[in-house]
Peer 1: 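Following this message is one structure expressed as structure tokens.
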2 protein chains.
Amino acid sequence: MKTVYERADIVPLLAEIFRELGYEGASLSRITERTGIGKGSLYHFFPGGKEEMAAAVLAEVDAWFEQTIYRPLRTEDPHQAIAAMWTDVNDYFRSGRRICLVGAFALDETRERFSTAIGGYFLRWVDALRSALMRAGCLQEEAQALAEESVAGIQGALVLSRALDDTKVFTRSLQVLAKRLDAVMR
Amino acid sequence: MKTVYERADIVPLLAEIFRELGYEGASLSRITERTGIGKGSLYHFFPGGKEEMAAAVLAEVDAWFEQTIYRPLRTEDPHQAIAAMWTDVNDYFRSGRRICLVGAFALDETRERFSTAIGGYFLRWVDALRSALMRAGCLQEEAQALAEESVAGIQGALVLSRALDDTKVFTRSLQVLAKRLDAVMR
DNA sequence: TTATCATTGTACTGATCGGTACAATCTTGG
DNA sequence: CCAAGATTGTACCGATCAGTACAATGATAA
């Protein structure tokens, strides 16, 4: 018996493991144990080993946000795009039960390994949100501050809701942040 | 030649290492390498091994916040205590160059190990801040929401400023959060 | 001084780490 | 069908992991 995978099927499984265990905590044996995928397959699709696996996960996360969140913020109706962002983010992070892999990597030495990917993810999120806010009537400085506050607020809500083990903290935080943006968009 | 330590001298060194490397990333060999303290000494003071070391670090962090931040928020003049909180937090986290160990532990599986310590740290922070806000004239619900938003905002600012590698993001975020509290305290 | 006890450096253990080698198995195109 | 290449399971590698054992060294008090 032999199960055959594609690289595209493996990346989401890896993502969940890195999310739960962190980069250092995700050992090859725990990856094979949780996914049922042997080392042979893993090193066939990711010859660069664990670092390439994590890089692939980061790239997929980035692509999802780029397509689902950033691009609409930059190009579509700002009110609609921002409203969609709040609901998409709440769904994506499963009301705080799921963490932001990029944010978690930013906190420990893993940051050094993936600094450009991590920096780009947050830089483009803030930029895209600022763009939407400016098109909705905000001045540049105010839009920049609000965008930073929103993105940071999401990350902080993930930390706090997980620490308190309370998904309501996350959902409520998102509502507060959303209302703040609504208040300045005219 | 033999250097003699006390447990109280070791804990801050361990704290810095866990902060930079995370719980899984902080191996015994890297601890001895960075601190110059041998395994003999470490297991003499912390017979429970790495887990006891991390628990001691968490306890010291908690004690520092309890004494420096939480207690003043609960018992002293709320305006002064809140103002002191912002400056103390900015100093403690070195304008975002230093991370919150408790917040970082909350994000990966390390949370399971120390869930009560992690939950207590954030619960008491939010409670203390809410207490100060209520004494300053806030209604309970508003005070609770603002306290959660402030604590989460600090954690998020740490993530974002580290991801963007920009201490100004952290300091500016703290100023924005501080002004929001000032605005509702009358 | 000497006896006692706390503290430390070093050598060691078995387990697990990330990674490699490679033959066996599957899929696919001719 | 068969050949070629893609994919996988398993055994293995040296390095490092957390933790233990213990003798040597330091401080302390009688």
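Residue numbers begin at 1 in each chain, while the letters A, B, ... track the order of the sequences.
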Peer 1: Without decimals, in angstroms, what is the distance between B:Ile10 CD1 and C:dT7 P?
Peer 2: 10 Å
Peer 1: Following the transitive rule for hydrophobic clusters with a side-chain heavy-atom cut-off under 4.5 Å over Ile, Leu, Val, Met, Phe, Trp and Tyr, establish whether B:Ile154 and B:Val176 coincide in one cluster.
Peer 2: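 Looking at the clustering, B:Val176 is in a separate group from B:Ile154.
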Peer 1: In whole Å, I'd like the distance from the CG atom of B:Leu21 to the P atom of D:dC17.
Peer 2: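 After rounding, the gap between these two atoms is 11 Å.
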Peer 1: Which whole-number value in Å describes the distance from A:Phe45 CZ to D:dT7 P?
Peer 2: 5 Å
Peer 1: May I ask you to evaluate whether A:Ser29 reaches the phosphate of C:dC17, defined as a side-chain N or O under 4.0 Å from OP1 or OP2?
Peer 2: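 So the side chain of A:Ser29 is within the cut-off, an N or O lying under 4.0 Å from OP1 or OP2 of C:dC17.
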Peer 1: Once you round it to whole Å, what is the distance between C1' of D:dT16 and CD1 of B:Ile31?
Peer 2: 14 Å
Peer 1: Would the base of D:dG19 count as contacting B:Lys39 through its side chain, where contact means a donor and an acceptor less than 3.5 Å apart?
Peer 2: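 Such a pair exists between side chain and base.
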Peer 1: Checking B:Glu148 against B:Gln144: is there a side-chain donor and acceptor pair closer than 3.5 Å?
Peer 2: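 Yes - a donor-acceptor pair under 3.5 Å links their side chains.
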Peer 1: Which nucleotide in the list C:dG19, D:dA18, C:dC17 gets nearest to the side chain of A:Tyr43?
Peer 2: C:dG19
Peer 1: Think B:His44 has a side-chain N or O under 4.0 angstrom from the OP1 or OP2 of C:dT7?
Peer 2: yes
Peer 1: Specify the residue among A:Arg30 and A:Gly40 whose closest nucleotide of DNA chain C lies further upstream toward the 5′ end.
Peer 2: A:Arg30
Peer 1: Between A:Asp182 and A:Lys179, does a salt bridge (Lys or Arg N to Asp or Glu O under 4.0 Å) hold up when you go through it step by step?
Peer 2: CA-CA 5 Å; A:Asp182 282 346; A:Lys179 282 199 176 158; over 6 Å; no
Peer 1: Please report, rounded to the nearest Å, how far the P atom of C:dG14 is from the CG atom of B:Leu28.
Peer 2: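 Spelled out: CG on B:Leu28 to P on C:dG14 is 19 Å.
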Peer 1: Give a yes/no answer on whether the side chain of B:Ser27 brings an N or O atom under 4.0 Å of OP1 or OP2 in D:dT16.
Peer 2: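 So the side chain of B:Ser27 is outside the cut-off, no N or O lying under 4.0 Å from OP1 or OP2 of D:dT16.
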Peer 1: What is the distance from CD1 of B:Ile17 to C1' of D:dA18, rounded to the nearest Å?
Peer 2: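 Interatomic distance, CD1 of B:Ile17 to C1' of D:dA18: 16 Å.
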Peer 1: Tell me, please, whether B:Tyr92 has B:Arg98 positioned over its six-membered ring: NZ or CZ under 6.0 Å from the ring centre and within 45 degrees of its axis?
Peer 2: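 Relative to the ring axis of B:Tyr92, which defines the angle, B:Arg98 lies inside both limits.
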Peer 1: Take the protein atom CG of A:Leu42 and the nucleotide atom P of D:dT7, then report the distance between them rounded to whole Å.
Peer 2: 13 Å
Peer 1: Please report the distance, rounded to the nearest Å, between CD in B:Glu24 and P in D:dT16.
Peer 2: 18 Å
Peer 1: Report the C-alpha separation of A:Tyr5 and A:Phe45 in whole Å, then their side-chain angles, then the decisive distance to 0.1 Å, and conclude whether the ring-ring contact (aromatic ring centres under 6.0 Å, His included) test is met.
Peer 2: CA-CA 10 Å; A:Tyr5 295 93; A:Phe45 290 115; 8.1 Å; no
